[in-house]
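What follows is a set of notes on a single structure, which appears directly below.
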Number of protein chains: 2
Amino acid sequence: MKSKRLKSLRRNEYSQAAFETVCIYGFSSTTVDLVAKHAGASKTNVLHYFGNKTSLLEGALRYGNSVLVDEVRALMIRSKTPWERVYSVLLANFSAKTFDPKLAHAWLSLCAEVPYHSNFQRIQTVIHSRMHSNLLHALRQITDEKRAEVTAALISATIDGLWLRLAVQAEPLKVETALGQIEELMNSLFPNDENRVLAKRKMAEIQKILFP
Amino acid sequence: MKSKRLKSLRRNEYSQAAFETVCIYGFSSTTVDLVAKHAGASKTNVLHYFGNKTSLLEGALRYGNSVLVDEVRALMIRSKTPWERVYSVLLANFSAKTFDPKLAHAWLSLCAEVPYHSNFQRIQTVIHSRMHSNLLHALRQITDEKRAEVTAALISATIDGLWLRLAVQAEPLKVETALGQIEELMNSLFPNDENRVLAKRKMAEIQKILFP
DNA sequence: CGAAAAATAGACCAACAAGTCTATATTAAC
DNA sequence: GTTAATATAGACTTGTTGGTCTATTTTTCG
């Protein structure tokens, strides 16, 4: 069906436009009309595909996340060991492509709305769960159950914290600095781990090839 | 002067009302009228003291931060050693009083606006700088300069990350869990440090007395 | 006390934004 | 090729919101 394809194409187009509009103006200044202008369409048409503004912004949230998820997955399917899976998550979160202040602004702006919209909450929960379970599964094979839980939570909280810094800091956090801090964390949590260091190097290589 | 005092009293009252309104409705749904209603005053009067909505929300940001800052300071002035100062910051950030989902919602909602308002940016920069320098001064006396830099940044990023979790997670993060994760971090960064553990205990005691 | 200054609020206005109604192209289906 | 369905958009409506104008009350102070 052409029509089905067009429908989903438009929704994707407008979701991206919405996300980019949030990047520029922030959630609270984003209007349906601005999104439409950004997409080169009419407000009516955008509304035609989404029904209302909230659904459109949900699309934006989903879109923004998909950028990151795609990179995680690309690295993940090329991972063979637990440590390689851990570094798939870490490196994807601090990729040169994605670790960008503008993206972080939009990400944060959408996050901040989560507590006030049940649909946002649902979407966000899925996102977090996936990241958490990715980390947890890998870490379980590295350390004991209890510590895997704690460190998985700690690592993902730290990732979020660094992203928040990227968004709110006046002179934006450099990706190398963020990676250095993550490395300090990993090195302290799991010192003298040869496999960890090797996995990191290997995944960094793969990432450089896939996302130059 | 009574008048000066009243002026500053009203501004404080309305800043608090604005913050609480953001707690309930989120930044993007907070209106001057809602704030006024919450404070039991007229919109006109609120506007009289702040001039415009943006200044009012700046007040909210300042107010929200002051809650935390007051607790940090209270612990800080009772600290004698570097480790005690570090734990003043940590425990204040995860105090039973302040570590609350509603507060976190508002905090996050205001943070998300930082990139879009230069005044918010300025205020936020001051807040971050103070926290960073508090940690950095103390850590410099504990470890070498380079590592003090990295760990101070890492610790404050982790704090922010945990607050973000508190805000966006469906089943809200318990304060003990957050403290456990921070402790895992500190224990990994500075293992086998007798002074650290003692300082933590001491400051926790003081906190329990000051903020029961 | 009485005038000036400050505090407070009701009514109003202009801007704007979400969403609808209606109309016109464009595509698909027989 | 004609008809039905879909895509797109312009005009309009309705509600909301930030901010102003004006008026009234309260306080200050000589």
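Residue numbering restarts at 1 for every chain, and letters A, B, ... go by the order of the sequence lines. Quick caveat, the model's predicted, so the values are computed rather than measured.
Whole-Å rounding puts the B:L9 CG to D:dT27 P distance at 14 Å. Atom-to-atom, OH of A:Y25 to P of C:dC16 comes out at 14 Å; the value is rounded to the nearest Å. In this structure, A:E13 atom CD and D:dT8 atom C1' are separated by 13 Å, rounded to whole Å. Protein atom CZ of B:R11 is 12 Å distant from nucleotide atom P of C:dA7, rounded to whole Å. For the pair B:Y14 OH and C:dT8 C1', the computed distance is 8 Å after rounding to whole Å. Rounding to whole angstrom units, NZ of residue A:K37 and C1' of D:dA9 are separated by 11 Å.
In terms of phosphate contacts, A:Y49 brings a side-chain nitrogen or oxygen within less than 4.0 Å of OP1 or OP2 of D:dT8. A close approach under 4.0 Å does occur between a side-chain nitrogen or oxygen of B:H48 and OP1 or OP2 of C:dA7. Taking only side-chain nitrogens and oxygens, A:R10 never comes nearer than 4.0 Å to OP1 or OP2 of D:dT6.
Sorted by first then second residue, the ring-ring contact (aromatic ring centres under 6.0 Å, His included) pairs that include residues 20-42 of chain A, not counting sequence neighbours, number zero.
Judged purely by distance below 3.5 Å, without hydrogens or angles, the side chains of B:S28 and A:E113 pair a donor atom with an acceptor atom.
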Sub-3.5 Å pairs of nitrogen or oxygen atoms, protein against nucleotides 17-23 of chain D:
from	atom 1	to	atom 2	distance (Å)
D:dG18	OP1	B:K53	NZ	2.7
D:dG18	OP2	B:V32	N	3.1
D:dG18	N7	B:K43	NZ	3.0
D:dG19	OP2	B:K53	N	2.7
D:dG19	N7	B:K43	NZ	3.2
D:dG19	O6	B:K43	NZ	2.7

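The distance from atom CG of A:D160 to atom CD1 of A:I155, rounded to the nearest 0.5 Å, is 12.5 Å.
Between B:Y14 and B:F50, the ring-plane angle classifies as tilted under the 30° and 60° cut-offs.
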Starting from the C-alpha separation in whole Å, work towards a yes-or-no answer on salt bridge (Lys or Arg N to Asp or Glu O under 4.0 Å) for B:R78 and B:E84. CA-CA 9 Å; B:R78 288 168 175 87; B:E84 286 173 14; over 6 Å; no
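For the side chain to side chain contact (heavy atoms under 4.5 Å, CB included) test, residues two or more places apart in sequence or in another chain that qualify with B:K208 are B:E205.
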